Number of protein chains: 2
Amino acid sequence: MESHREANSMASSSLTPPEVPMELHAINRGKLVKSLLQHLTESTHPLHGFVLLQGGEEQTRHDTDHAELFRQESYFAYLFGVREPGFYGAIDIATGKSILFAPRLPAEYAVWLGEIKPLSYFKERYMVSKVCYTDEIAGVLHDEYKEQGKPLLFLLHGLNTDSNNFSKPAEFEGIEKFKTDLNTLHPILAECRVFKSDLELALIQYANDISSEAHVEVMRKTTVGMKEYQLESMFLHHTYMYGGCRHCSYTCICATGGNSAVLHYGHAAAPNDRTFEDGDMALLDMGAEYHFYGSDITCSFPVNGKFTSDQRLIYNVWSCDWLESRGKRIKSETECPVYNYYILQAVLQAHNTVISAMKPGVNWIDMHKLAEKIILDSLKKGCIVVGDVDDMMVKRLGAVFMPHGLGHFLGIDTHDTGGYLEGLERPKEPGLKSLRTVRDLQEGMVITVEPGCYFIDALLAPAMENSETSKFFNHEIIGRFKSFGGVRIESDVVPAAGNLHNQSSSCYFQWLQEHDERPRETWEIEAVMAGSPWPLDKSSIHSENGREGK
Amino acid sequence: MESHREANSMASSSLTPPEVPMELHAINRGKLVKSLLQHLTESTHPLHGFVLLQGGEEQTRHDTDHAELFRQESYFAYLFGVREPGFYGAIDIATGKSILFAPRLPAEYAVWLGEIKPLSYFKERYMVSKVCYTDEIAGVLHDEYKEQGKPLLFLLHGLNTDSNNFSKPAEFEGIEKFKTDLNTLHPILAECRVFKSDLELALIQYANDISSEAHVEVMRKTTVGMKEYQLESMFLHHTYMYGGCRHCSYTCICATGGNSAVLHYGHAAAPNDRTFEDGDMALLDMGAEYHFYGSDITCSFPVNGKFTSDQRLIYNVWSCDWLESRGKRIKSETECPVYNYYILQAVLQAHNTVISAMKPGVNWIDMHKLAEKIILDSLKKGCIVVGDVDDMMVKRLGAVFMPHGLGHFLGIDTHDTGGYLEGLERPKEPGLKSLRTVRDLQEGMVITVEPGCYFIDALLAPAMENSETSKFFNHEIIGRFKSFGGVRIESDVVPAAGNLHNQSSSCYFQWLQEHDERPRETWEIEAVMAGSPWPLDKSSIHSENGREGK
């Protein structure tokens with residue numbers, strides 16, 4: 001009985017939540033100060049003042065006392081790593097000195113919410129130079145200031161190009177005793193966040209590892225007749241129970257059947273509540289967050305765990321010619337699942353080809369177009385579209401099948417900062433306008449690669465009616481995709497320079513991708529869903545399953 | 001292989017998420033209209049106008065596009081049951097006609113967020129008389145109004161006595177074309193929510209059932225060396241995976257050891273992250289929510305699953321006299337766990353005695369004091385406090401050991417509305433001032449019964465120094481409780497009239513409590529944690545475990 005009680009609670013994972021080094025945030029602060037000083041030097045501004053950020057506050061739901069689980073504001077998390085609400089943080093740019101301001105908690109906090117920790121606790125935990133109370137900000141910063149006149153505060157104010165919202169500059173009592181600068185900090189800090197340090201990469205790697213493991217676990221336990229939310233529940237449980245991840249990067253998208261054509265499915269108005277059926281594909285876009293740093297992973301697979309041999313055959317040799325020669329077309333709605341295999345392979349090819357092509361200096365629009373082209377090529381080979389693929393590219397046909405961008409920066413936010421440097425314009429064309437960045441890749445960036453191919457009525461219908469694009473569609477076949485949904489395959493990638501003397505394609509994407517493997521190939525998916533351990537012993541599986549068809 | 005794929009996904013629960021009858025909300029609306037008309041009649045006001053509520057909006061996190069999972073505002077949920085954000089709802093009080101106003105979604109919604117549902121979908125789903133768009137509110141309400149002059153809108157504005165926040169009255173374009181009344185609606189609607197219909201009770205019952213099952217599951221899987229958050233993860237998973245509960249009523253409190261003295265442990269600054277040890281007690285306060293209706297349940301148990309025979313012995317015969325006669329006291333910190341059993345029994349006795357005493361007409365302050373007295377009696381019997389218990393009651397000593405209220409209304413909010421009717425004053429005395437209601441019990445109320453006994457330094461230290469209360473404490477023994485934490489036992493109860501001709505004590509608490517059983521008695525906890533199925537076959541367990549000691 002005692003042994004039952006002491007069973008290994010971590011038995012279902014090969015991972016253990018790592019210690020978080022708070023040096024990570026000290027390094028982030030150092031990086032900011034360096035960038036800021038450089039900017040001020042170049043623009044011949046004085047090199048003193050304070051960066052001042054206001055952390056997030058706990059929110060209650062409407063008029064009630066229901067407290068939402070607090071998650072720190074991302075810029076504040078980046079610089080200070082503070083998990084508690086109600087803080088401010090300052091950095092003296094002349095000295096690099098960092099000061100946290102903690103809320104002065106009322107005595108009854110100790111009864112209801114826990115020990116009132118001394119300031120020294122926060123100083124030690126968060127590795128800052130000094131900790132004071134939030135009601136001391138004005139006084140402390142004035143005391144710290146060694147120059148004449150009103151101290152200058154660099155406050156955070158700027159546009160988030162994903163939400164079109166503005167970050168809110170710090171407010172506190174006594175702010176009128178300071179000069180404030182609302183323009184300088186935001187672009188510099190946003191840019192700092194684009195390039196991840198090794199300590200940051202390690203956390204993102206961990207979030208990826210535990211999420212990948214959870215994806216495999218979900219895949220393995222998926223059975224026909226379940227509800228979509230059960231897949232979400234399994235993912236959340238695995239990443240929290242074994243990974244210590246209390247938050248996810250975003251609400252889980254657990255789409256099956258036609259729902260997989262809804263790019264951001266899973267929210268309250270489309271809450272992962274469908275019961276899925278034999279023959280459905282699942283599209284699971286789920287990523288855990290660990291100490292603020294996130295992951296963002298999508299797997300697509302058939303819920304019954306099997307590609308049929310027919311599907312395999314069609315994948316291997318399917319082409320218009322072949323279909324003609326066999327004197328047949330896919331005949332009915334019920335044969336629709338045969339497309340799953342085909343579309344999955346098209347998207348997987350785009351995913352793999354893009355990753356192989358990624359390296360510093362490559363422009364992200366080009367990668368997006370590369371993915372589009374591969375998908376259109378496949379669709380053409382599959383008689384779904386007809387005509388010249390270059391013409392299709394000119395007419396932006398790719399955006400009908402993949403309306404979202406190829407990928408986005410990933411970090412403390414799922415759609416991380418810095419996508420559009422000042423001066424960079426967002427494209428206006430369909431598909432490209434959805435790109436969350438159009439930058440050239442550089443070392444240290446973390447970016448998602450998430451090509452997809454969807455059959456979205458709201459996009460297909462007008463495109464098929466449009467006189468300029470109608471000709472590209474095989475209207476007969478497209479009609480059969482009405483409830484198909486879509487396929488997306490997504491990994492998180494770090495473009496790295498690698499060894500220039502040994503440029504195998506794989507050396508351009510770093511260990512994040514390498515360690516980050518999920519079952520991607522059809523035979524891998526089938527094996528895992530049939531109960532094989534993961535990773536597979538690929539050499540044996542490989543030959544058995546006739547990978548040569550690929 | 002196919003059979004593996006089709007395994008029963010619900011195998012680990014005896015429950016299935018029930019269909020939600022939308023009549024529930026129609027009944028709620030009917031009840032409101034009836035109350036409102038009665039009020040207007042009594043105060044000789046005209047019997048026309050519209051109740052108008054604004055539903056909740058989806059929130060993004062700070063400046064980012066990270067969307068928090070939306071949960072409907074509670075009053076709106078009560079009247080309309082709408083799960084989608086961005087709605088308004090109106091009720092014509094003259095006719096009872098109900099009108100929902102849905103947001104007019106942009107075309108790209110279909111690509112990113114899902115099908116744009118026709119208004120008829122919402123009309124059918126939510127069983128309302130009519131559905132229009134939110135940009136039509138002013139026009140539609142004017143058209144519907146059959147009287148002369150500006151139509152009157154009853155808007156929701158009033159104090160939430162748990163949060164001290166005010167609900168936000170609806171705002172919309174064209175509101176200046178209406179007369180508005182900010183005073184009438186809130187107290188009437190808040191009061192409607194106090195009394196649950198059978199359909200509401202059924203949902204609360206279900207939320208209780210799945211949560212109880214999850215508590216048992218967690219208890220069974222708890223082993224020494226786990227992290228507190230793993231218990232949270234197991235609870236969340238069970239209630240979502242098998243119960244379809246995507247939300248909890250509140251953030252899980254998974255407190256072990258000394259943390260169990262922190263009443264609202266588990267938030268971001270105290271995030272269930274302790275590794276627990278042999279000898280610790282766990283205090284788990286966790287409740288799932290199903291279609292807005294919640295549960296609120298606390299179980300306390302030893303993490304190693306065993307009360308030792310020594311503990312049992314001490315529980316049975318422990319008294320000052322007995323200890324004296326044996327010439328010993330509990331000697332050291334390491335003997336502290338023996339108190340677990342004792343404190344648990346004291347709290348359980350308070351819990352059971354209160355529930356037995358609950359019936360319509362009983363005042364909640366009296367129930368609170370009854371619990372306090374039982375706990376103080378037990379503490380006295382255990383030599384923890386000394387002196388006259390009535391004197392202790394006068395000095396409010398109970399509030400040192402149980403600073404929170406005995407319980408609160410439960411419904412769409414965990415701390416549900418209506419705790420303080422207009423005219424009811426919140427008490428000022430320690431402990432009593434924390435009561436979220438001081439009303440007389442009535443049929444149809446759902447209220448939690450959650451006595452606790454905690455050793456909270458921040459309360460004990462001043463009380464032990466205070467010249468008026470110092471004498472009540474056995475300073476030597478109390479000193480040993482420094483890291484003890486606390487015990488709470490909580491159930492959700494519906495006081496019911498029962499059959500007045502057959503007033504056994506148990507007929508005053510209804511089926512909610514009866515079906516709502518968790519392992520409460522020590523032998524039940526031990527049996528379940530040792531692997532027995534739940535519910536136990538009590539007759540056999542009973543005699544084996546010497547219940548007569550109780």
Side-chain angles (χ1 to χ4, degrees), chain A residues 1 4-7 9 56 60-67 69-70 73-74 83-85 107 110-114 160 162-163 165-167 223-226 229-230 233-234 236-237 240-241 244 246 250-251 262-265 267-271 304-305 403 413-415 456 458-459 530-531, chain B residues 1 4-7 9 56 60 62-67 69-71 73-74 83-85 107 110-114 160 162-163 165-167 223-226 229-230 233-234 236-237 240-241 244 246 250-251 262-265 267-271 304-305 403 413-415 456 458-459 530-531:
Chain A
M1 205 164 296
H4 167 71
R5 291 284 100 212
E6 285 170 8
S9 61
T60 50
R61 194 163 65 204
H62 299 105
D63 63 318
T64 74
D65 65 348
H66 178 102
L69 182 61
F70 174 71
E73 191 279 327
S74 296
R83 65 182 183 183
E84 293 86 355
V111 176
W112 295 90
L113 294 163
N160 181 307
D162 291 301
S163 66
N165 296 329
F166 284 83
S167 50
T223 61
V224 169
M226 291 175 106
Y229 66 70
Q230 295 187 303
S233 185
M234 289 191 277
L236 298 175
H237 182 50
Y240 196 14
M241 180 82 185
R246 196 176 202 187
Y250 50 91
T251 300
V262 178
L263 305 180
H264 289 169
Y265 184 74
H267 55 98
N304 64 11
D413 288 318
T414 307
H415 300 147
I456 304 172
L459 297 177
Chain B
M1 204 166 297
H4 166 72
R5 289 285 100 213
E6 285 171 6
S9 62
T60 50
H62 299 105
D63 63 318
T64 74
D65 65 348
H66 177 101
L69 182 61
F70 174 71
R71 195 274 199 181
E73 191 279 325
S74 295
R83 66 183 182 183
E84 294 86 355
V111 177
W112 295 89
L113 294 162
N160 181 307
D162 290 301
S163 65
N165 296 329
F166 284 83
S167 50
T223 60
V224 170
M226 292 175 105
Y229 65 71
Q230 296 186 302
S233 184
M234 288 191 279
L236 298 176
H237 181 50
Y240 196 14
M241 180 84 186
R246 197 177 201 187
Y250 49 93
T251 300
V262 178
L263 306 180
H264 290 169
Y265 185 73
H267 55 99
N304 64 11
D413 288 319
T414 308
H415 300 148
I456 302 171
L459 296 177

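Each chain gets a letter, A, B and so on, in the order the sequences are listed, and its residues count up from 1. Computed from a prediction, not measured in an experiment: that's the story for all the values here.
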| Given that the side chain runs from C-beta out, which part of R83(A) has a heavy atom under 4.5 Å from chain B: side chain, backbone, both or neither? | both
| task | Apply side chain to side chain contact (heavy atoms under 4.5 Å, CB included) to H267(B) and list each qualifying residue two or more places apart in sequence or on a separate chain. | result | E58(A), Y109(A), L113(A), A269(B), A270(B)
| Where does R71(B) contact chain A at under 4.5 Å (heavy atoms): side chain, backbone, both or neither? | both
| note | Max heavy-atom pairs within cutoff under 4.5 Å with chain B, candidates I456(A), L236(A), T414(A), D162(A), goes to D162(A)
| task | Against chain A, label Y265(B) side chain, backbone, both or neither, depending on which of its atoms sit under 4.5 Å from a heavy atom there. | result | backbone
| task | Sort H66(B) into side chain, backbone, both or neither according to what part of it lies under 4.5 angstrom from a heavy atom of chain A. | result | side chain
| said: List the residues meeting side chain to side chain contact (heavy atoms under 4.5 Å, CB included) with S233(A), not counting sequence neighbours, and say none if there are none. | reply: H237(B), Y240(B), M241(B)
| request: With a 4.5 angstrom heavy-atom cut-off, could you sort out which part of A458(A) is near chain B: side chain, backbone, both or neither? | output: side chain
| query | Just by modelled atom types, is the D63(B) backbone N or O under 3.5 Å from a matching donor or acceptor in the S163(A) side chain? | reply | yes
| said: To the closest 0.5 Å, what do you measure between OH (Y250(B)) and CG (D65(A))? | reply: 13.0 Å
| request: List the atom of H62(B), the atom of G56(A), and the distance in Å for their closest heavy-atom pair. | output: NE2-CA, 3.7 Å
| Considering only heavy atoms, which portion of D413(A) lies under 4.5 Å from any heavy atom of chain B: side chain, backbone, both, or neither? | side chain
| Measuring heavy-atom distances to chain B, does F166(A) have an atom under 4.5 Å in its side chain, in its backbone, in both, or in neither? | backbone
| task | Look at R246(B), M234(B), H415(B) and state which one has the largest set of heavy-atom pairs under 4.5 Å with chain A. | result | R246(B)
| task | Quick one: which of P403(B), S74(B), P271(B) has the most heavy-atom pairs under 4.5 Å with chain A, could you say? | result | P271(B)
| field | Options G114(B), A67(B), A107(B), A110(B), ranked by heavy-atom pairs under 4.5 Å with chain A, top entry | value | G114(B)
| note | Applying a strict 4.5 Å limit to non-hydrogen atoms, the region of T64(A) in contact with chain B is both
| query | Does any heavy atom of chain B fall under 4.5 Å from the side chain of T60(A), the backbone, both, or neither of them? | reply | side chain
| request: Under 4.5 Å, counting heavy-atom pairs only, tell me which of V111(A), T251(A), L459(A) racks up the most with chain B. | output: V111(A)
